[in-house]
Amino acid sequence: MEPALVQQPQLRAACLRHRGPYPGIGATFARFAAIAEAAGLFGNSPHLIAIYHDDPNTVPPAELRSDAGVIIAGEVPLPRELTECVLSAASYVHARHLGPCDTLPAPGRGSRSTS
């Protein structure tokens, strides 16, 4: 998994919030997938995303916030269990991971990008 800085247009996503250590987001993705599948959201986009809101170097693990989601078109309605996440047009770190969430590398403590 090679992270890269990419320019993204504004994106809309259907999301389910995860609170706690980032490696635990796999269980949230499983719950998210069941809701999104029932709502037909995967027919609109295969692009699953994880949004990590907090710096694990400064926020206690139990308070970390992240979202499991899928990119959707602007007119697609959301099921009540999911929230809308709007990602502003900006540069984002992009990394592709193939496989289960529990095979993701642990987040590095003290590593920080200066880009």
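Note: hydrogens, waters and symmetry copies are ignored here, and every other heavy atom, side chains too, is used. Count residues from 1 along the sequence.
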Minimum heavy-atom distance between Thr83 and Leu78, given as atom pair plus value = C-CD1, 3.7 Å

Nearest heavy-atom neighbours spanning Leu41 and Pro77 = CD2-O, 4.1 Å

message = For the residue pair Gln7 / Ser91, report whether a side-chain donor-acceptor contact shorter than 3.5 Å exists.
response = yes

ask   = If you measure from CG on Leu16 to CZ on Arg31, what distance do you get to the nearest 0.5 Å?
value = 5.0 Å

query = How far apart are the closest heavy atoms of Ser66 and Ile25, and which atoms are they?
reply = OG-CD1, 3.5 Å

Derivation of the side-chain contact (heavy atoms from CB on, under 4.5 Å) call for Leu11 and Val86 = CA-CA 6 Å; Leu11 299 171; Val86 177; over 6 Å; no

remark   = Residue set satisfying side-chain contact (heavy atoms from CB on, under 4.5 Å) with Glu37, at least two apart, ordered chain then number -> Phe42

note = Closest non-hydrogen atoms of Gly69 and Phe29, given as atom of the first, atom of the second and distance, are N-CE2, 3.9 Å

key: Steps toward side-chain contact (heavy atoms from CB on, under 4.5 Å) verdict (Val70, Ile49)   = CA-CA 6 Å; Val70 64; Ile49 60 169; over 6 Å; no

request  = Taking salt bridge (charged side-chain N to carboxylate O under 4.0 Å, His left out) as the test, write out the residues that go with Arg65, two or more places apart.
outcome  = Asp54

ask   = Taking all atoms of both residues into account, what is the closest heavy-atom pair of Pro21 and His18, and its distance?
value = O-NE2, 3.0 Å

message = How long is the straight-line distance from CG of Leu87 back to CD1 of Ile51, given to the nearest 0.5 Å?
response = 4.5 Å

query = CZ/Arg17 to CZ/Phe32 distance, rounded to the nearest 0.5 angstrom?
reply = 13.5 Å

Distance (rounded to the nearest 0.5 Å) between Ile72 CD1 and Cys15 SG = 8.0 Å

message = Applying side chain to side chain donor-acceptor pair (under 3.5 Å), can you list everything that pairs with Glu84, at least two apart in sequence or on another chain?
response = Arg12

